[in-house]
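Heads up, the thing below is written out as structure tokens.
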Amino acid sequence: MDAKRRNSGPPRGGASQAKRGKTAGDWEDSPSIFEEELALFEEADMEAEEREGQAGHDVIPVGELFSADLNPRWRRPQAAPLNPDSDTLVFQQIDLDYYLGAAVAGMPGQSQGNVPIIRMFGVTDSGNSVCCHVHGFAPYFYIPAPNGFTSDHLSEFKRELNSAVLKDMRSNKDNMSVTVLAVDITRKESMYGYHGKRIVDFLRITMAMPRLIAPAKRLLEQGFKFGPFPIQSFSSYEANIDFEIRFMVDSDVVGCCWIELPKGKYRVREERKVSLCQYEVDVGWTQLISHPAEGEYQRIAPLRVLSFDIECAGRKGIFPEAEKDPVIQIASMVQRQGEKEPFIRTVFTLQSCCSIVGSQVLCFTKESQLLQSWAEFVRTVDADIITGYNIQNFDLPYLLNRAATLKVNLFPYLGRVQGIKSVLRDSSFQSKQMGRRENKILNMEGRVQFDLLQVLLRDYKLRSYTLNAVSFHFLQEQKEDVQHSIITDLQNGNEQTRRRLAVYCLKDAYLPLRLLQKLMCVINYMEMARVTGVPLTYLLSRGQQIKVVSQLLRQAMKQGLVMPVVKPEGGEDYTGATVIEPEKGYYSVPIATLDFSSLYPSIMMAHNLCYTTLLQKGSAEKLGLTPEDFIKTPTGDLFVKSSVRKGLLPDILEDLLSARKKAKAELKKETDPFKKQVLDGRQLALKISANSVYGFTGAQVGKLPCLEISQSVTGFGRQMIEQTKQLVESKYTIANGYQADAKVIYGDTDSVMVKLGVDTVSRAMEVGREAAEWVSSHFTPPIKLEFEKVYYPYLLINKKRYAGLYFSSSADTHDKMDCKGIETVRRDNCTLVANLINTCLQTILIDRDPQGAVAHAKEVISDLLCNRIDISQLVITKELTRTAQEYAAKQAHVELAERTQSMFWRTTFPLTPSTTWNNSSPNHCSASLSPSWERAKQRVSY
DNA sequence: AATTGGGCCTAA
DNA sequence: TGAGTTAGGCCCAATT
């Protein structure tokens, strides 16, 4: 009955409370700033509550019972009555999926059997949640109509295909009789290749369910016979489009856009609600209005973001297992998007726990009740976005497995649809960009899982991805200091030690929120969803390709073009960019850098490179085109000019880049910091999207590879960088009256580094600007060479490896020391190496003292060899996951000894001028490793 | 002792 | 079922 006793924590009182917690054990070292922060929330809350007239919420109930009304803040604001005849419903859609269900009377579409129904979840301006069932949209795809096909053949085709699909089904558990809903003749054109605007008949085949598309496509491909036509194989178009994307493209809905349901055009569900949302409505797919993200529709609804963290009582030295080790605490924080601080801060604990000012502590005697109550809490709070750190692969799976072990049957319903169980699945995701990645997947209909770790892994290259390291890196803040090994001891202590643990747990729930805010993740992802038109969830669960496909389909639809399905066949790699042979060395003169901005997108625009403009073999002759109608790219591929037909890809790129220009201009004018963030997120999304179009065409295992485009792009790029070098070196010469002969000392892909022969940074900037403008005039717009920066001095070590002081904003002071490709920016070296090289580079570039750099390096090496450096402090290599850490720790000794010295001798010093370092015996270091080093190596070699 | 291929990570 | 591209440095280990 211990935990049933009402908790007797000290009365709320800010600092005194915090101090009291500190005396509880010897792990306490410094005062916790975080606790003071929490206390500040409390004060703000009290003021808010006085205004709102609510009861205080810092009561600490202890026991077994749980009520969803424990805290009035948990529930969403009361939803005003909605009358579909007189009220328009407007909400921001944040998640979109589909399900198969019985048709709803009065809604368009099939009425027999199960039909696909699109489901949109969202939030209104007043913070009420919405579940919107969209009816009447069915999946479809195209095939070219066979020769001689007329509308008389439609019904026979349909009947034959329908029976073929039915026969093909192994089981027909839905007892379907109609698989093919409709076949229509429609005038379309394939987007692949230019064939003289040959608009031909296509059959648009509408199926009853998305999963019937693939078999229908396969049957038509394998050879299909109907009516008087001979057996033939049909290629298919747009048969590989996700149903959600299909719907969004066709209805002009983009990710996270605002949706309006006009009065009189929708129905409200009262009794037959299936969701937990406040409003649940039905609408026909053609009745909804989708607002483009412009003007007032750029805004973001007050979404509820829930961040949580769990603690488990593991056994000594063993990673917790859900089958054996209990969940002892769950901390949750809920924040409205756009607000500065979380308005719900709560921790559920197993056994009693002293109060924590600024947060609500709920104690439970039974773990199963803790779990069930937390699930109830999630459903009550009705979060739109769920975040945390590694929740996808740890916290959520652990909770689910634990709940299953304890048979907490009401736990695994975490989504917004009643009766849908949240189930764990394994998935592996593989791409060249991110390698092979094993992930757990949990369905939570209507809530977006936004695991901060996944976001960071995708968007940031960091040395370490622990929450602690990440928080320090971005927030200059760290976790509460609690070692993993003592968590179980804290739990088994008393209500004070559990309080210590709860503060730690709360902070781990709080930090992801802070990071989300600092990095503007939600805003940036929403803007990406809006720009590319895919649902928010796709951005974290899918790759780059789907974003381009979504844009391509939208653009193609406007012009009556359809996208073929191509079977992936890996072929030869094609040639990429040129890297100009570097004139390695140290330059104590200003080096100007000229860059082609958005090189690949601008090449595609300038030369009208696209699927729709590609002239395949023999096409030019067949179509009777004259040489004025098309161009030949450096790789020998032919594309028609925009005067014949403007390409889709150039159109998309122009839209993206002009939208970016607009966003940047608005950004400059905007004063509201929140709107500024949105605009900045948008311009970033637009830039990234423009740059990924090229990659999409070159993705050989992709949705629509076209190597003619990608190799032409790189071909033009190679030609351009070469031409730029020649232009600059031919104009800026002594013969032409300049101070010296200019020399391009290096260049990579889209940039050239030029030694102009001037002595000052400001002069280099002037000449650089002028040169860039002059060179630009030799290229087709929008191709543009821009002056970007001056390096002074500049150390050019090798291809893709250099460092220099970066001057851009001012000619008097450098903005930063810029390092490319060197150990300082690589994550496969220990920090000792990175720091050492960084110091050496600073000494060389800022102090201009190469001997000083050598002296420093010698000193560190000697410290190393004489064991004056504590090796255990230097262990940082790859810490990509929690489990990788052990391995990294074991490897570090060896890496430290071996990499440091070999890297030293070979890379840095031969290039520093007038170095006297003895380079004659590169094995010197390893030969003189001390016995203790040898022993250390012995210990870790296995 | 030099060469080669794989792994890793970065530049653009 | 779905995964953007190539160029290139440097370390390591195996091979000649």
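A, B, ... follow the sequence lines: proteins, then strands. Residue 1 opens every chain. Since we're looking at a predicted model, the values are computed, not measured.
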* Asked: In terms of side-chain heavy atoms of A:Arg801, which of B:dA12, C:dT6, C:dG9 is nearest?
  -> C:dG9
* To do: Would you mind checking if A:Asp242 and A:Arg542 are paired as a salt bridge, meaning a charged N to carboxylate O distance below 4.0 Å?
  => yes
* Of the nucleotides C:dG2, C:dG4, C:dG9, which one has an atom closest to the side chain of A:Asp242? -> C:dG2
* Among side-chain atoms of A:Glu445 and A:Tyr99, is any donor-acceptor pair under 3.5 angstrom? -> no
* Among C:dG4, B:dA11, C:dT6, the nucleotide that comes nearest once only the side chain of A:Gln545 is considered -> C:dG4
* Asked: Does the side chain of A:Glu788 come within less than 4.5 Å of A:Leu594's, by heavy atoms?
  -> no
* To do: Tell me which nucleotide among C:dG4, B:dA12, C:dG9 gets nearest to the side chain of A:Thr749.
  => B:dA12
* N or O in side chain of A:Tyr802 less than 4.0 angstrom from B:dA12 OP1/OP2 -> yes
* Between B:dA12, C:dG9, C:dA7, which one does the side chain of A:Lys799 approach most closely? -> C:dG9
* Asked: Would A:Arg530 and A:Glu527 pass as an ion pair if we require N to O under 4.0 Å?
  -> yes
* To do: Just compare B:dC9, C:dG4, C:dA3 and give me whichever is closest to any side-chain atom of A:Gln544.
  => C:dG4
* Between C:dA7, B:dA12, C:dC10, which one does the side chain of A:Asp748 approach most closely? -> B:dA12
